[in-house]
Amino acid sequence: MPELPEVETIRRDLERLAVGRTIVSVDLGWPGSLKGPGAGLNRLRGARFIGFKRRAKMLLIELDSGDRLLVHLKMSGRLILVSAPTPVDKHTRLIFVLDSGDQLRFIDMRKFGYVKLIESGGAQTIPELEGLGPEPLAPGFSAEDWLDLLAAKKESRRTIKSLLLDQSFIGGLGNIYVDEILHSAGVHPQRPVSSLRTGEIEGIYPAMREILMAAIERRGTTFSLYVDAEGRRGDYLDRLKVYGRRGEPCPACGRPIEKIKVAGRGTHFCPRCQR
DNA sequence: AATTGTACCTGTCAGC
DNA sequence: TGCTGACAGGTACAAT
């Protein structure tokens with residue numbers, strides 16, 4: 001489910017709503033959702049949220065105790081802040097009871113996601129965050145940086161879609177936004193990287209930045225499960241031009257959108273606009 | 001080196 | 001109605 005815009009939306013919500021709140025207790029509904037030192041949930045009691053960061057599709061929750069929580073929502077994870085009496089979804093895996101009377105709940109139907117406790121004083125590096133590619137929306141990530149990144153792959157015959165999905169190449173893109181970016185840039189998802197002309201590579205950069213920023217403005221894309229931290233759906237679904245629109249006319253040229261499989265993922269594109 | 005298949009889970013939907 | 005298989009926003013790993 002959640003790609004960069006969705007995780008960023010949740011991060012902003014929690015930064016606004018949960019910083020300063022203290023954890024009163026933790027309820028573990030499904031132990032598999034908790035990674036890291038197993039015994040460690042009790043130590044979270046009394047800790048206060050001081051910050052919510054994001055790296056690629058991961059959320060990093062910082063506590064005043066020095067402990068941190070790394071959250072990956074994978075396909076179906078949700079993180080919502082609700083008042084205590086709110087009915088508990090059957091897929092709720094972890095509940096943080098807060099001093100405000102609210103609860104931060106981790107809900108994950110498919111159980112792929114996780115919350116990992118990173119203890120203060122433990123290893124300095126977080127393996128999950130090592131080796132990630134650059135943040136596409138970082139202020140310091142320029143068009144030149146993008147060209148340099150691609151230049152390092154110019155001999156590669158892998159498909160451009162597979163490269164953009166590779167988190168070690170660039171962080172935060174997923175199946176929806178890669179399809180949208182390639183449509184906007186007019187590049188066929190199956191094009192080998194080595195075949196891309198300079199102009200095509202240059203065109204992907206603004207497409208990527210604009211689409212991700214617009215998606216954050218609309219609070220992400222909801223197909224079925226994703227909601228922001230306040231339980232609201234994202235509005236970017238209406239703006240999607242190809243993803244989930246097989247058979248519908250391309251907004252740019254009217255040709256029906258096609259769906260194929262690329263890099264093992266359902267892939268939507270316009271056969272006229274993308275070559 | 002890169003792709004494909006498989007696995008992790010649960011749910012939905014199309015087709016028969 | 002009910003069964004079966006394909007598919008789903010992610011990623012790690014093994015096999016090819």
Side-chain angles (χ1 to χ4, degrees), chain A residues 1-10 29-35 54-59 70-80 89-94 106-116 126-133 152-183 189-195 211-212 215-216 218-228 232-247 258-268:
Chain A
M1 154 177 66
E3 307 180 29
L4 186 156
E6 290 75 34
V7 180
E8 177 63 18
T9 299
I10 292 170
W30 167 253
S33 293
L34 184 68
K35 297 211 303 182
R54 180 189 57 77
R55 180 74 174 96
K57 299 170 191 171
M58 280 170 277
L59 188 71
L70 182 72
V71 183
H72 201 313
L73 301 172
K74 292 287 181 84
M75 293 286 265
S76 61
R78 286 182 279 167
L79 208 49
I80 57 169
D89 183 287
K90 72 187 278 206
H91 305 296
T92 302
R93 311 301 182 198
L94 200 52
F106 176 68
I107 304 167
D108 185 23
M109 181 182 79
R110 294 176 70 178
K111 297 179 175 173
F112 292 170
Y114 60 83
V115 176
K116 182 179 182 184
I126 300 174
E128 288 83 349
L129 299 184
E130 293 292 302
L132 286 173
K153 303 285 181 188
K154 69 170 193 268
E155 311 288 336
S156 171
R157 280 170 332 206
R158 73 192 288 194
T159 62
I160 182 62
K161 170 148 185 175
S162 134
L163 187 64
L164 292 177
L165 286 172
D166 184 344
Q167 301 298 294
S168 71
F169 175 72
I170 191 160
L173 303 184
N175 207 32
I176 294 180
Y177 294 107
V178 166
D179 280 4
E180 294 297 309
I181 290 164
L182 290 176
H183 176 262
Q190 277 179 315
R191 286 280 298 283
V193 175
S194 58
S195 78
I211 286 169
L212 293 176
I216 292 170
R218 310 292 295 178
R219 301 195 326 280
T221 300
T222 296
F223 258 88
S224 54
L225 293 174
Y226 164 75
V227 288
D228 66 23
R232 296 175 300 195
R233 301 166 62 84
D235 292 333
Y236 197 74
L237 183 69
D238 304 334
R239 305 294 178 101
L240 296 179
K241 296 203 164 75
V242 291
Y243 187 87
R245 299 197 183 282
R246 169 164 51 182
E258 293 183 9
K259 183 176 181 188
I260 59 176
K261 198 165 276 266
V262 180
R265 316 295 302 279
T267 297
H268 311 74

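Side chains included, hydrogens not; waters and symmetry mates left out as well; all remaining heavy atoms used. In what follows, chains are A, B, ... by sequence order, proteins preceding strands, each numbered from 1.
For the OP1/OP2 pair of C:dG10 and a distance below 4.0 Å, the side-chain nitrogens and oxygens of A:His72 include no atom meeting the criterion. Note on A:Ser156: every side-chain N or O is 4.0 Å or more away from OP1 and OP2 of B:dA1. Side-chain nitrogen and oxygen atoms of A:Lys57 include at least one within less than 4.0 Å of the OP1 or OP2 phosphate oxygen of C:dT11. For the pair A:Lys90 and B:dG11, the criterion of a side-chain N or O lying under 4.0 Å from OP1 or OP2 is met. Distances shown here put every side-chain N or O of A:His91 at or beyond 4.0 Å from the OP1 or OP2 atom of B:dC9. Note on A:Tyr177: every side-chain N or O is 4.0 Å or more away from OP1 and OP2 of C:dG9. Contact annotation: A:Lys161 side-chain N/O to B:dA2 OP1/OP2 distance is not under 4.0 Å. The side chain of A:Lys111 places an N or O atom within less than 4.0 Å of a non-bridging phosphate oxygen (OP1 or OP2) of B:dT10.
Between A:Arg218 and A:Arg239, some side-chain heavy-atom pair lies under the 4.5 Å cut-off.
Where stacking is scored as ring centres under 5.5 Å apart with planes under 30°, A:Tyr226 does not register as stacked on the base of C:dG9. Remark: ring of A:Phe112 not stacked against base of C:dT11; the cut-offs of centroid gap under 5.5 Å and plane tilt under 30° are not jointly satisfied.
Between the side chain of A:Ser224 and the base of C:dG9, a donor-acceptor pair under 3.5 Å is found.
Residue A:Tyr114 holds its OH atom at 6.0 Å from NZ of A:Lys74, rounded to the nearest 0.5 Å. Separating the CZ atom in A:Arg110 from the CE atom in A:Met75 is a distance of 4.5 Å, to the nearest 0.5 Å.
Here A:Asp179 does not pair with A:Lys241 in a salt bridge; the nearest charged N to carboxylate O distance is not below 4.0 Å. A salt bridge is absent between A:Arg246 and A:Glu258; no separation between the charged side-chain nitrogens and carboxylate oxygens falls under 4.0 Å. Ion pairing between a basic and an acidic side chain is recognised when a charged N comes within 4.0 Å of a carboxylate O; A:Asp228 and A:Arg233 show no such pairing.
If you take CZ of A:Arg265 and P of C:dA6, they are 18 Å apart, rounded to a whole angstrom. The distance from atom CG of A:Leu59 to atom P of C:dG9 is 22 Å, rounded to the nearest whole Å. Rounded to whole angstrom, the span from the CE atom of A:Met75 across to the P atom of C:dG9 amounts to 5 Å. The interatomic distance linking A:Tyr243 (OH) with C:dC7 (P) rounds to 12 Å, in whole Å. Rounded to a whole Å, the CG atom of A:Asp108 is 11 Å from the P atom of B:dG11. One atom, CZ of A:Arg110, and another, P of C:dA6, lie 15 Å apart when rounded to the nearest Å. For A:Arg93 and B:dC8, the CZ to P distance is 16 Å, given to the nearest whole Å. Rounding to whole angstrom units, CZ of residue A:Arg158 and P of B:dT3 are separated by 6 Å.
Counting any heavy atom pair closer than 4.0 Å across all strands shown, A:Thr222 reaches a base atom.
Put simply, the side chain of A:Asp108 never gets that close to the backbone of A:Arg78: no donor and acceptor are under 3.5 Å apart.
Near DNA chain C, defined here as any heavy-atom distance below 4.0 Å, the residues from residues 165-175 of chain A are A:Gln167, A:Gly174, A:Asn175, listed numerically.
Pairing for C:dG9 is absent, with no Watson-Crick or G-U wobble pair whose two atom distances lie under 3.5 Å. B:dC9 is unpaired under the criterion used here, namely a Watson-Crick or G-U wobble arrangement in which both key atom distances are under 3.5 Å.
A donor-acceptor contact closer than 3.5 angstrom is absent between the side chains of A:Lys261 and A:Thr267.
The side chain of A:Ser162 approaches B:dT3 more closely than any other nucleotide in the set B:dG11, B:dC8, B:dT3.
One P atom belongs to B:dG5, the other to C:dA6, and the distance between them is 13 Å to the nearest Å. On the P atoms, B:dC9 is 24 Å away from C:dC3, given to the nearest whole Å. One P atom belongs to C:dG9, the other to B:dA2, and the distance between them is 23 Å to the nearest Å.
Partner of A:Tyr243 under the side-chain contact (heavy atoms from CB on, under 4.5 Å) criterion, out of A:His183, A:Glu180, A:Lys259: A:Glu180 alone.
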